[in-house]
Each structure stands twice: as C-alpha cells, then as structure tokens.
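One structure is given below, encoded as structure tokens.
Letters A, B, ... are given to chains in the order of the sequence lines, protein chains preceding strands, and every chain is numbered from 1. All heavy atoms count here, side chains included; hydrogens, waters and symmetry mates do not.
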Protein chains: 2
Amino acid sequence: MVMHKNSSPGDITAVFGRLVEESLPGRRGEKAWRALLQAHATLMRRLDTDLREDTGLRLADFGVLAQLAGAGGELRMTELAARTLLSRSGLTRRVARLVDEGLVRRANAAGDGRGVLVALTEAGVARLTETMPVHLQGVSKLFVERLDEQELAVLETALRKVIVDCTFG
Amino acid sequence: MVMHKNSSPGDITAVFGRLVEESLPGRRGEKAWRALLQAHATLMRRLDTDLREDTGLRLADFGVLAQLAGAGGELRMTELAARTLLSRSGLTRRVARLVDEGLVRRANAAGDGRGVLVALTEAGVARLTETMPVHLQGVSKLFVERLDEQELAVLETALRKVIVDCTFG
DNA sequence: CCGAGGTACTTGCGATTGCAAATACCTATG
DNA sequence: CATAGGTATTTGCAATCGCAAGTACCTCGG
C-alpha cells in the first residue's frame, strides 16, 4: 500500500464516495437514479433519430401534434406548453415553425384577446396519422415490450411520485 | 348524437386513440411512458435551476466533474462523453468552458497522440466538493426519499432493461 | 371610466446544440 | 516503409434554447 502526501490514484473516487454516503446513506437510490438518466437519454435520442429518418418529423414536433390530437385538435399556448413539457418561449417558436410547414394553425382565443389557440390543420392531421404508428412502434419495441405488467405499474406509480411542480419557460 | 360530414369536436381524439390501440394494445405502458417523460423533464429542470442558484454551476458541468471524480480524476474524451450522456462535440465545447473556468485540465493521452485526457484540477475538486452535497440533497429530497425500497429496486431493473445502445454525437 | 396590477404570449439576445466535414493520429497490409 | 483505412477529437454551420424584457390585453377597485 502506497501513501503519498497528496491524493494517490483512486483516492479521489473514495473521497467523493464518502461524500455521497453523507447525502444518500448506503448510496440508496443511486443506481436507480443513474438508470433513469441513462434510459431517458438513450431512448430519446434513439426515438428522435428514428422518427426523423422514417418520417422527417422531429420528436418535439410530433409531441406538439400528438398533444393537440389528444386534446380534440386545439389548445391554448400555455396549456400546450405544459403538456409538451416545453418552455413557453420554446413553444412560441416551435409553433411558428409548424405554422410555416402548414401542420398547425393559429387563431385568437374567443373571449380573451391575449390568448392564442393552436389547432391542427388537415395537413397536420394527415402528417400525424402517418407519423404516429412509427413513433408508437418505437416506444413499444424499446420500452413497453421489454417490461412486464408489474414493472409498468410500479414505474407509473413511482415516477408519478417524483414529478415536480415547476413552471416551464 | 350529432353527426357531421367532417369530424365533430372530440372526434380527432377518438380517431387517434384508435391509432394508439393498434400499436399499444390496451394502451399498455402509455401511462408509464408519460410518467417517465414528465418525471425526467421536471426533475431535471428543477435540479438544474436549484444547483445554479445555490452554487452557480450548471447541472451538465456538475455531471462532467462528478464523472471524473468517480473515475479517479481523469478520463478520455470519448469515455467521458459516454458516461455523461453528452455528444462528443458537445463535450468538446463543454470541456473547453470548464478549462476556461479552471476546473479541468487537458493533457495528451500517453501512448496515443489522438487521445485527450481530461482531468480535474484542484479548483475543480474544490468546486465539486462544495457542489456535490447540494446536488445530492436535491436528488435525495425529490427522488430517493419519495420512493420505498421496492420501488427503487424495480425502477433500477426496469429502467436498465430499456437502456438503448446508441452512439452519442 | 381610469389606472394599477395580473396574465398571455412574443422577442432580443447570447449561449448552446448536433450534424457533418475536417483534422490529426494510429495500425495493418503488402 | 508507403499507404489505405480506422479511430479520436475538433470545428463550421445553421438551428435551437431559455431567460429576461417587452407588448398586448384583461380585471377590478374606486
């Protein structure tokens, strides 16, 4: 065993390991946390690149169209931002791009001059119709099919418990 | 019951609902998937803003320093990119910024002229030492403490199953 | 009906991103 | 020992991001 005046190699790991123990006794939850980060990052990257290759649509744009469809075709900006987990300013620009592509339309909210109603166009519906199966099959293959009922149930309840309320944008 | 030639309000939701059923029979896993997206997005945003307010360090920069510490103080670029879930080009620039701030140092990899070794500086170690508890207590409070042993165990095994192999960058 | 203060959304700005191409170096083959 | 092809990293570029400030509109007390 070699000891130096300063840190020996691998020492740093041990020092910070001890620091982890102080906040996470027994390093409880560390592996689950890491798994969450890694699963999310790799799944998103894969789903996004696959979707773009197969349909030309970005995952974030798909998310906007899908949320609109799930809400009956139209939503206010703020509500849409909340559902898509996008910042308000980010949504403003994303919607602008979708309007340019003709997939979405903007209208004034009836009875509130401040509000903007975003609605799917016919082209948007058509685009979503061809895109949806591609994305869902990706989610199915990479996520749903790899998990059993119990795992899905626990994931749902556990992850719901850790959703934080935080304003986006 | 009112029927129009074209879609009636709410119709779109039903149409796409049917489309979901085709790829996800019984909409299996849909709720868990949604919970994953929402938990990740809100947790990350919260942890990042909290960390920045309390220590001035971005979450992504913290991640780089923490991975280096966990690996004994230094890593090659590609390995570091993989561990931090960053793209290679993203890491190049992030490391450049960290070098500017003096938290990290670059050196040539011994025996491979192509390789770059990124290492924590003393200042980097110091910064990490003061930052680590803040971040970990955030993770503890928002994530670990809200879950029981079984939930953490299932999260870990389930999420590990859905980690995709995909090159970053 | 006026004005203060709240809400809804957009925009200026500087920072950051990833992709694809470029650079630099290594390795194996003939 | 030349060179073809692979690996490690960086950079040009155009797109995108969030924050903070700005605009527009609504609401309500007086």
Side-chain angles (χ1 to χ4, degrees), chain A residues 40-42 44-53 56-64 74-101 104-119 166-169, chain B residues 40-42 44-53 56-64 74-101 104-119 166-169:
Chain A
H40 180 273
T42 59
M44 286 307 155
R45 176 168 283 256
R46 178 66 169 272
L47 287 171
D48 188 29
T49 61
D50 284 359
L51 193 68
R52 208 177 315 194
E53 272 175 22
L57 203 63
R58 289 161 194 282
L59 188 53
D61 288 333
F62 169 82
V64 170
E74 59 179 34
L75 279 172
R76 296 269 302 247
M77 290 292 285
T78 298
E79 180 62 23
L80 185 54
R83 296 198 191 193
T84 53
L85 305 170
L86 260 42
S87 71
R88 287 148 202 257
S89 68
L91 182 65
T92 293
R93 296 184 236 250
R94 187 163 296 281
V95 165
R97 289 187 289 263
L98 290 172
V99 169
D100 286 346
E101 296 178 57
V104 131
R105 174 177 16 97
R106 302 171 51 118
N108 293 354
D112 187 346
R114 298 165 303 178
V116 173
L117 219 38
V118 184
C166 65
T167 336
F168 275 79
Chain B
H40 181 273
T42 60
M44 287 307 155
R45 174 168 284 255
R46 177 66 170 271
L47 287 170
D48 187 30
T49 60
D50 284 0
L51 193 70
R52 206 175 319 190
E53 272 175 23
L57 203 63
R58 288 163 193 283
L59 188 53
D61 289 332
F62 169 82
V64 170
E74 60 179 33
L75 280 172
R76 298 267 302 246
M77 290 293 284
T78 298
E79 180 61 23
L80 185 54
R83 297 198 192 194
T84 52
L85 306 170
L86 260 42
S87 72
R88 288 146 201 256
S89 67
L91 182 66
T92 292
R93 296 183 236 251
R94 188 163 297 281
V95 165
R97 290 187 288 264
L98 290 172
V99 169
D100 287 345
E101 295 178 58
V104 132
R105 175 175 17 95
R106 303 170 51 119
N108 293 355
D112 186 346
R114 298 164 301 177
V116 173
L117 220 38
V118 185
C166 66
T167 336
F168 274 79

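Contact between B:Met77 and B:Leu91 at its shortest, heavy atoms only, is O-CD2, 3.1 Å. When all heavy atoms of B:Phe62 and B:Leu51 are compared, the closest pair comes out as CB-CD2, 3.8 Å. Residue B:Thr84 comes nearest to B:Leu80 through the heavy atom pair OG1-O, 2.7 Å, listed as atom of the first residue, atom of the second, then distance.
Looking only at side-chain heavy atoms (C-beta outward), B:Leu86 and B:Val64 come within less than 4.5 Å of each other.
Residues that satisfy the side chain to side chain contact (heavy atoms under 4.5 Å, CB included) test with B:Arg83, not counting sequence neighbours, are B:Gln67, B:Ala71, B:Leu75, B:Glu79. Under the side chain to side chain donor-acceptor pair (under 3.5 Å) criterion, A:Arg97 pairs with no residue at all, not counting sequence neighbours. Every side chain to side chain contact (heavy atoms under 4.5 Å, CB included) that B:Ala109 has, sequence neighbours left out, goes to B:Arg76. Residues passing the side chain to side chain contact (heavy atoms under 4.5 Å, CB included) test with A:Asp48, sequence neighbours excluded: A:Arg52, A:Arg58, A:Leu59.
Atom-to-atom distance recorded for B:Ser87:OG and B:Arg94:CZ is 9.5 Å, nearest 0.5 angstrom.
Between A:Glu79 atom CD and C:dC9 atom C1' there is a gap of 15 Å when expressed in whole angstrom units. Protein atom CG of A:Leu75 is 15 Å distant from nucleotide atom C1' of C:dA8, rounded to whole Å. Going from atom CG of A:Leu80 over to atom P of C:dC9 covers 10 Å, rounded to whole Å. Rounded to whole Å, the distance from CZ on A:Arg46 to P on C:dG18 is 18 Å. To the nearest angstrom, P of D:dA15 lies 20 Å from CG of A:Leu59. For the pair A:Leu86 CG and D:dT16 P, the interatomic distance rounds to 12 Å; values are reported in whole Å. For the pair A:Asp48 CG and C:dG18 C1', the interatomic distance rounds to 10 Å; values are reported in whole Å. Regarding A:Met44, its CE atom lies at a distance of 15 Å from the P atom of C:dG18, rounded to whole Å.
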Please list, for nucleotides 11-15 of chain C, all pairs of protein and nucleotide N/O atoms separated by less than 3.5 Å.
| from | atom 1 | to | atom 2 | distance (Å) |
| --- | --- | --- | --- | --- |
| C:dG12 | O6 | A:Arg93 | NH2 | 2.4 |

Within the sub-3.5 Å range, which N or O atoms of nucleotides 21-25 of chain D have a protein N or O partner, and how far apart are they?
| from | atom 1 | to | atom 2 | distance (Å) |
| --- | --- | --- | --- | --- |
| D:dC25 | O3' | A:Gly113 | N | 3.4 |

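Mapping A:Thr49 and A:Leu91 onto DNA chain C by nearest heavy atom places A:Leu91 at the nucleotide closer to the 5' end.
Proximity note for B:Arg94 (side chain, C-beta onward) versus D:dG18, C:dC9, C:dT17: the nearest is C:dT17.
Distances shorter than 4.0 Å separate none of the side-chain N or O atoms of B:Thr78 from OP1 or OP2 on D:dA8.
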